[in-house]
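All remarks here apply to the structure that follows.
Atoms considered below: every heavy atom in the structure, side chains included; atoms not considered: hydrogens, waters and symmetry mates. All chains are named by letter (A, B, ...) in the order of the sequence lines, taking the proteins before the strands, and each is independently numbered beginning at 1.
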There are 2 protein chains.
Amino acid sequence: MSAKRHPGSDRRAELLAIAGRLFASRGFATTTVREIADAAGILSGSLYHHFDSKESMVDEILRGFLDRLRSAYRRVLAEQADPRAALTALVTVSFESMDTDGDAIAIFQNESQHLAQFERFGYLCSTAEELEGCWLDVLKRGQRAGVFRRDLRVPLVYRFIRDTVWVAVRWYDPRGSLSAEAIAEQYLTILCQGIVELGS
Amino acid sequence: MSAKRHPGSDRRAELLAIAGRLFASRGFATTTVREIADAAGILSGSLYHHFDSKESMVDEILRGFLDRLRSAYRRVLAEQADPRAALTALVTVSFESMDTDGDAIAIFQNESQHLAQFERFGYLCSTAEELEGCWLDVLKRGQRAGVFRRDLRVPLVYRFIRDTVWVAVRWYDPRGSLSAEAIAEQYLTILCQGIVELGS
DNA sequence: GTCTATACTGGGATAGAC
DNA sequence: GTCTATCCCAGTATAGAC
């Protein structure tokens with residue numbers, strides 16, 4: 001079992017937050033359980049009272065994030081019929097998730113390719129595919145509706161959007177001057193209108 | 001000394017290519033010297049005849065790549081006076097570098113934030129700043145010339161471009177149907193004109 | 001829930017023979 | 001240039017006391 005006991009306890013969440021911060025900034029492989037324990041003010045052995053292994057920590061972090069993101073995306077698709085409004089909402093929701101799930105996003109970006117090789121983390125691929133489906137759906141509907149250019153390859157556009165949005169977690173600072181919403185807006189301007197001045 | 005001996009030997013280059021492939025796909029920390037040696041068909045100890053350490057291998061890989069990229073960028077700035085032509089050239093040169101330096105780019109993307117913490121890899125930051133300067137220069141000149149929109153924040157635009165271009169190494173396949181040049185072209189279309197159909 | 005103590009493994013690296 | 005053999009350390013994880 002991945003939740004050894006007290007599944008909903010505050011201490012678990014606290015330890016996961018500490019571990020997540022370290023995994024995100026130093027990498028999963030290079031973060032030692034001793035470092036996590038140190039940061040939490042306990043000894044490494046004590047961590048195993050809460051978690052089975054280092055792997056199960058990162059597993060729990062990623063599952064929580066992906067569950068929340070999937071719900072948010074589904075809500076967008078259910079509520080936004082207009083393709084362009086849906087695109088705006090997907091981008092905004094994604095940037096906003098950096099405020100609450102920044103560490104998990106960084107871990108997902110940096111480690112999922114590597115982790116997905118193990119059966120235990122197979123859900124990383126399947127969930128990623130479902131999320132991809134949300135974007136593709138919106139882009140294709142938009143093309144059919146004549147809102148988005150038809151000369152662009154949708155899979156390519158999807159990858160550019162996905163990469164640009166998520167990789168922003170590397171420099172986005174939740175306590176900085178630019179809010180997630182403001183960044184989402186500037187990004188949508190570039191994405192939709194391009195950077196070239198009209199008439200030039 | 002990082003080049004233990006025979007600095008220009010073929011065997012060195014061969015071993016570096018093997019190591020680079022592993023570092024890129026499995027991560028630097030999770031790749032063991034024994035795996036590298038296995039892939040090369042020799043024993044781990046024999047690697048130390050060519051290199052001081054695992055670190056010096058990744059060091060040499062990154063230095064080579066950054067040197068080549070820096071030269072290419074400088075050439076672009078020297079040859080392209082027009083901002084839009086320079087932007088196109090920077091994007092194209094970057095995508096084309098994936099054909100020859102794909103592994104190094106992946107390593108740079110995945111590990112440099114972590115590696116840059118050590119003095120030995122301080123050049124990662126300084127070189128990244130110089131490369132950033134090339135993009136900022138082109139974007140600012142373009143804004144002054146009225147070619148690029150003035151309502152966009154240049155540093156933000158730079159980060160979006162940089163991230164989108166380089167993160168493409170995760171899915172770009174040099175032997176796939178889309179050439180680097182073709183991808184650069186589609187990307188420039190999105191970047192310059194946006195994805196929205198004119199008049200909608 | 002944390003500590004003490006420690007088992008066990010695998011990783012990076014070295015010395016010297018061939 | 002590669003192999004044999006091996007050292008040493010650091011990392012994950014465990015058992016049981018408190």
Provide, to the nearest angstrom, the distance between the [atom1] atom belonging to [X] and the [atom2] atom belonging to [N].
{"X": "His50(A)", "N": "dC3(C)", "atom1": "NE2", "atom2": "C1'", "result": "12 Å"}
{"X": "Asp52(B)", "N": "dT14(C)", "atom1": "CG", "atom2": "C1'", "result": "12 Å"}
{"X": "Lys54(A)", "N": "dT9(C)", "atom1": "NZ", "atom2": "C1'", "result": "14 Å"}
{"X": "Leu22(B)", "N": "dG11(C)", "atom1": "CG", "atom2": "P", "result": "13 Å"}
{"X": "Ile36(A)", "N": "dT2(C)", "atom1": "CD1", "atom2": "C1'", "result": "17 Å"}
{"X": "Phe51(A)", "N": "dT12(D)", "atom1": "CZ", "atom2": "P", "result": "15 Å"}
{"X": "Glu14(B)", "N": "dG1(D)", "atom1": "CD", "atom2": "C1'", "result": "13 Å"}
{"X": "Asp38(B)", "N": "dC3(D)", "atom1": "CG", "atom2": "P", "result": "11 Å"}

Given [N], is OP1 or OP2 found less than 4.0 Å from the side-chain N or O atoms of [X]?
{"X": "Tyr48(A)", "N": "dA13(D)", "value": "yes"}
{"X": "His49(A)", "N": "dT2(C)", "value": "no"}
{"X": "Ser46(A)", "N": "dG1(C)", "value": "no"}

Query raised in the report: When you check the side-chain N and O atoms of Asp163(A) and Trp166(B), is any donor under 3.5 Å from an acceptor?
Result: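 Distance-only check fails for Asp163(A) and Trp166(B).
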Query raised in the report: Hey, is Arg74(B) close enough to Glu130(B) for a salt bridge, meaning N to O under 4.0 Å?
Result: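 Result for this pair is yes, salt bridge flagged.
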Requested in this report: State plainly whether the residues Arg150(A) and Glu197(B) are in salt-bridge range, i.e. N to O under 4.0 Å.
Outcome: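 Looking at Arg150(A) and Glu197(B), the cut-off is not met.
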Query - Closest nucleotide among dG12(C), dA13(D), dT2(C) to the Ile42(A) side chain - result: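 Closest nucleotide among those given: dT2(C).
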Report task. Quick one: label Thr31(A) by what it contacts on the DNA or RNA (base, sugar-phosphate, nothing), any heavy atom closer than 4.0 Å. Result ->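 Counting heavy atoms under 4.0 Å across all strands, the contact made by Thr31(A) is with sugar-phosphate only.
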Query raised in the report: So what does Leu43(B) hit on the nucleic acid, given a heavy-atom distance under 4.0 Å: a base, only sugar-phosphate, or nothing?
Result: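 Base contact.
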Query - Contact nearer the 5' end of DNA chain D, comparing Ser44(A) with Leu15(B) - result: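 Counting from the 5' end, the first nearest nucleotide belongs to Leu15(B).
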Report task. Determine whether any donor atom in the side chain of Arg34(B) lies under 3.5 Å from an acceptor atom in the base of dG10(C), or the reverse, and answer yes or no. Result ->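 A donor-acceptor contact between them is absent.
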Query raised in the report: If you look at every heavy atom in Arg11(B) and Ala40(B), which pair is closest and at what distance?
Result: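 Closest approach of Arg11(B) to Ala40(B), heavy atoms only: NH2-O, 3.8 Å.
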**Report entry** Heavy-atom closest pair, residues Leu178(A) and Tyr172(A)
**Finding:**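 Between these two residues, the closest heavy atoms are O-CE1, 3.5 Å.
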